Amino acid sequence: MNGSLFYLNLVMNGLVQGLVIGLAALALTLVFAVARFPNAATGDLMTVGAYAGIGVQALNVRSVIVQGAAAILACSVLAIGQYWFVLRYLRGRGLVSLLLASIGLALATRGALSFFVGQDQYLFNTPIMRPYVIAGLRVQVVDLWLAVASLVCVTATFAMLFLTPVGRRMRAIADNAELARASGIRMQRVMIPLWAAVGAICGVAGMILGIKTVVLPEAGWHILLPAFAAMVLGGLGNPIGAVVAGILLGVVQELSTPFVGFTYKIALSFIVLAVILTVRPQGLFGSAEVVR
Amino acid sequence: MILNRRTLLKTAAVAGAMPALMRTQGAGAAEPFRVGALNPVTGAGSPYGSSMQKAILFAVKEINAAGGAGGQTLEVVAEDDQTSPEPAVLAAKKLVEVNKVRAVLGTWASGVALAVSPIFDAAGIIHTTVAGTSGLAAVNKKGFAFRFAGTSEGIGRSLADGALEEGFKRASIMAFNNASGREMLQGAKSVLQKAGREIVAEVIYEPNQPSYRSEIQAALAKQPEVLIMGSFLPDLTIILREVLQSGADVKFVVPAWAVTPKSIEALGAATDGVLLADYESALGSDAYASFKQRFKTDSGIDISGNHYASCAYDMAMTLALGMEAAGAGADNAAIVKAMHQISGPPGKAVSSFATGKELIKSGQKINYEGASGPLDFDDGGNAKPIYKLMIVKDGKINQHRILKL
Amino acid sequence: MTLLRLTNVEAGYGDVNIVSGIDLDVSDDEIVTVAGTNGAGKSTIVKATMGLTPRCAGTMTFGGVDLRRRPAEDRIRLGLGYVPQIANVFMTLTILENLKVVECVSDFTARCAEMFDLFPILATRRHAKASALSGGERQQLAIARALMPRPKLIALDEPTAALSPALVAQVFDIITQLPKMGVAVLIVEQRARQSLAISDRGYILDSGRIVMNGKASDLLADARMAELYLGREDEPSVDTGTP
Ligand SMILES: Nc1ncnc2c1ncn2[C@@H]1O[C@H](COP(=O)(O)OP(=O)(O)OP(=O)(O)O)[C@@H](O)[C@H]1O
Ligand SMILES: [Mg+2]
């Protein structure tokens, strides 16, 4: 493999990783923009999505679309439940109480998963297909589909945010919660659709993660830290920033491997994060740009 | 899982009550010799742990039925270490301080073994484990610890030896970035270097990545014939799938623990030809055949896929034969010394406690050849395991060859 | 007829009351000014009226309805409009979105057209982000946004802060038209003289308490009050409001 091709393939690998991180970051940043706290339960929500997909597969339903729909449904129901039964009561108590509550929800979700489904790994039975090789660049068929799925997911999220009344209300709350109240916007009528959307994104992200890797109770939790980094990097509460920063993080990470090796690539991405934030505390894309 | 544990503890209580009964009958019999069974009944080690615990209880029943060892019956206190250091330490302290056990059998995870070893070492308690970490040597100050399975380094050597015996010339090594993974890499490397074979690439990778494509790309860049994998189940599953998907023409040698029938089924036909290195329970040995058959009848458990159950059985056997050889009232130092003697050459090969006890009584030297292998502990208390190679064919794992290692 | 009535109201943010013993009312056809020095608690009174202070006690009625049980997001439904002192538009939304996002607007298109008539500058830039507007334009958008649901009363918190004299005049001009459109006005102002000049009545606030109230013309004529709170007549009051 010649030099530039080697790096191009690394970029390709990074893109694929970045998509998963980007989706998780999108779910994180939406909550941060509207409900004002970093939702530590995001990763475990994804895990639930993956298990929902596995559950459908266990019923001998082979269609990934149906599995994905189940994942979206399960995650949305769970996310709304977490809001309705826990987070709702902590509104106005500040970021720390909400963060702690979400950590509690994360642990409870993971605990329940390992109790009921155990520590055995589950796998999606995706057929093994050979990659397309385009001028030396290897493109996995599965990755193509997963990329399409995440693009659809991101597009749908932005359509909701920018084309629907409820999206407009979400952006208004993110922009200025007090003025939103004075404009008659009722929190709950926005929060339920918000958590449904967050659940749906987590469902898709969880399915993608599950299809690419293996399904274990800790699977989603491990994505949380990079996703968090992407959210900060993209500008807190900025959905476009989160997705772009996630992809960027993935690519930088992979491109660094010939120089720093595989064990330090994760550390490196956090050094990049630290450096960028010292130079641009508002993140790469600023937090005031899109939602806030 | 919880039910499972409760039933086990109940069994333990019964096993404990039995010697008490015998004590009331046999006037003047000594106090029972208390033994802790500290096993991973829940947590990541749960596929092995409950069978290990049952194997210990089964062995103790056999020993007591033969009249006990060194003039004492054995009494088991069963605990679950939950495959996790914190609960393991709590249980270990209880065993030492409350139950006053003289020996603890059957820790499994490296992290657990490393956490509880200093407690047992300080208290002068005999500790037998199957944990593979080389770090154990550092905490085994009194030399009262025994390792009944191979080290991670040993598995690493077996992986490389497997690759050599299969005739591969150019190998890349990939290993999981933890103590065990790095030790496997070192083991594999030492064998390849000794044989003068080229190591095309060495890649240590981080756990929990959404994809390992760049790592694979680096390992395959210079076209090795074989990938030697110091891996565990989740990461190997992902890597296997990604390599198979990439269409690269490369063979795999992997530790048997990193593959399950389910993972093979999910990955499909492309896994054909993957080579697995594993410990060989002394397949041909009398001890193995007899233990396997009797344990099946007694507990309904088939130990075919569980080498650690054989190890656990041998732990109790070795301890009891050591007690017998050391004689009544011997302290732990004497028992440990005797355990070394009765398990290795020179001596007459025996495969059951009753025969061993008879021979010792008649003043002969014995060499216990266990269900898990010939044992033959080195000075550090490490058993000498037998390694074998298996191969995936038509979605099934088949025996392939015993390694010369 | 009295529209808004505050009786013995106290309000604050933490443990202490910022304002207390507030008696204030606004009829359905008048303009009422609340004046006072910086930090006197003017904004706090308005926020309490809108249900936006963490602490609030006393009696508050609007059109005879008890306000206390109504959360902030419901007061708009009773006919209360509010233009905050700062951050009074959604900066990241476009002008049109700022108007669209307001709840309980009947016949949006017609109302929107009326607003664009009243504030022509908004019509020409309807797809611009609010953050791209100038200070004066932003103030117009803020008022337009508050007027969207046809409120019976609009509370304006320093609507002319940080505006040039020409724009100040323009904003006051708009405010004077409001009662004719059936909107009562409660206005908080630093430029007390100008504000009282267009008002029917006024309240003077000092350290959280009302120290004077009465007809605007009387307050303007009161020498003591002029000295203390309104600045000398020949010198236009300095603009100290936050932008
Ligand atoms: N959100 C808040 N939390 C705590 N204290 C506050 C808050 N807002 C205002 N205060 C305090 O309440 C007091 C009165 O503030 P308020 O904004 O009502 O004054 P004001 O009369 O409107 O002043 P200005 O003319 O400067 O706008 C001030 O001392 C201020 O520090
Ligand atoms: Mg004010």
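The shown structure was predicted, so the numbers you read here are calculated from the model rather than taken from an experiment. Computed from heavy atoms alone, side chains included, the values below leave out hydrogens, waters and symmetry copies. In what follows, chains are A, B, ... by sequence order, proteins preceding strands, each numbered from 1.
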- Query: Between B:Tyr205 and A:Thr263, does a side-chain contact (heavy atoms from CB on, under 4.5 Å) hold up when you go through it step by step?
  - Reply: CA-CA 6 Å; B:Tyr205 58 85; A:Thr263 48; over 6 Å; no
- How about B:Pro234 and A:Thr213: do any of their side-chain heavy atoms sit closer than 4.5 Å? no
- Message: Counting heavy-atom pairs closer than 4.5 Å to chain B, which one of A:Val141, A:Asn125, A:Val214 comes out on top?
- Response: A:Val214
- Applying a strict 4.5 Å limit to non-hydrogen atoms, the region of A:Ile223 in contact with chain B is side chain
- Item | Value rounded to 0.5 Å, distance of CG in A:Asn9 from CD1 in B:Ile216 | 12.5 Å
- Task: Look at atom CG of B:Asn398 and say whether more than 12 heavy atoms of other residues, nucleotides or ligands are closer to it than 6.0 Å.
- Result: yes
- Does B:Arg213 use its side chain to pair, donor to acceptor, with the backbone of A:Val16 at less than 3.5 Å? no
- Query: At a heavy-atom separation under 4.5 Å, does B:Thr260 approach chain A through its side chain, its backbone, both, or neither?
  - Reply: neither
- By a 4.5 Å heavy-atom criterion (distance strictly below it), what part of A:Phe124 contacts chain B: side chain, backbone, both, or neither? backbone
- Query: Quick check: are there more than 12 heavy atoms from other residues, nucleotides or ligands sitting under 6.0 Å from CD1 of A:Ile134?
  - Reply: yes
- Task: For residues A:Leu123 and B:Lys262, report the shortest heavy-atom separation together with the two atoms involved.
- Result: CD1-O, 4.5 Å
- Message: If I take atom CD1 from residue B:Ile238 and atom CD from residue A:Gln121, how far apart are they, to the nearest 0.5 angstrom?
- Response: 8.0 Å
- Note on the structure: Honestly, the part of A:Leu255 sitting under 4.5 Å from a heavy atom of chain B is neither
- Message: Do A:Arg130 and B:Ser246 have side chains that approach each other closer than 4.5 Å (heavy atoms only, starting at C-beta)?
- Response: no
- Message: Which atoms of A:Leu216 are under 4.5 Å from chain B, going by heavy atoms: the side chain, the backbone, both sets, or neither?
- Response: side chain
- For B:Arg241 and A:Ile128, indicate whether the former's side chain and the latter's backbone hold a donor-acceptor pair under 3.5 Å. no
- Pick one of side chain, backbone, both or neither for B:Ala266, based on which atoms fall under 4.5 Å of a heavy atom in chain A. both
- Item | Toward chain B, the part of A:Val142 with a non-hydrogen atom under 4.5 Å | side chain
- Task: Tell me, yes or no, whether the heavy-atom count around A:Phe228 atom CZ, taken from other residues, nucleotides or ligands under 6.0 Å, exceeds 12.
- Result: no
- Measure the spacing between OH of A:Tyr264 and CD of B:Glu206 and express it to the nearest 0.5 Å. 9.0 Å
- Message: Any heavy-atom pair between the side chains of B:Asn208 and A:Glu218 that's under 4.5 Å?
- Response: no
- Decide if atom CD of B:Glu265 counts as having more than 12 heavy atoms of other residues, nucleotides or ligands within a radius under 6.0 Å. no
- Where do A:Pro131 and B:Gly247 come nearest, in terms of heavy atoms and distance? CD-N, 4.5 Å
- Query: A:Gln17 side chain to B:Ser211 main-chain N or O, any donor-acceptor pair under 3.5 Å?
  - Reply: yes
- Distance, nearest 0.5 Å, that separates OG of B:Ser214 from NZ of A:Lys265: 5.5 Å
- Query: Any idea which of B:Ile204, B:Asn177, B:Leu233 has the most non-hydrogen atom pairs under 4.5 angstrom with chain A?
  - Reply: B:Leu233
- Just wondering, do A:Lys212 and B:Gln209 contact through their side chains at under 4.5 Å, heavy atoms? no
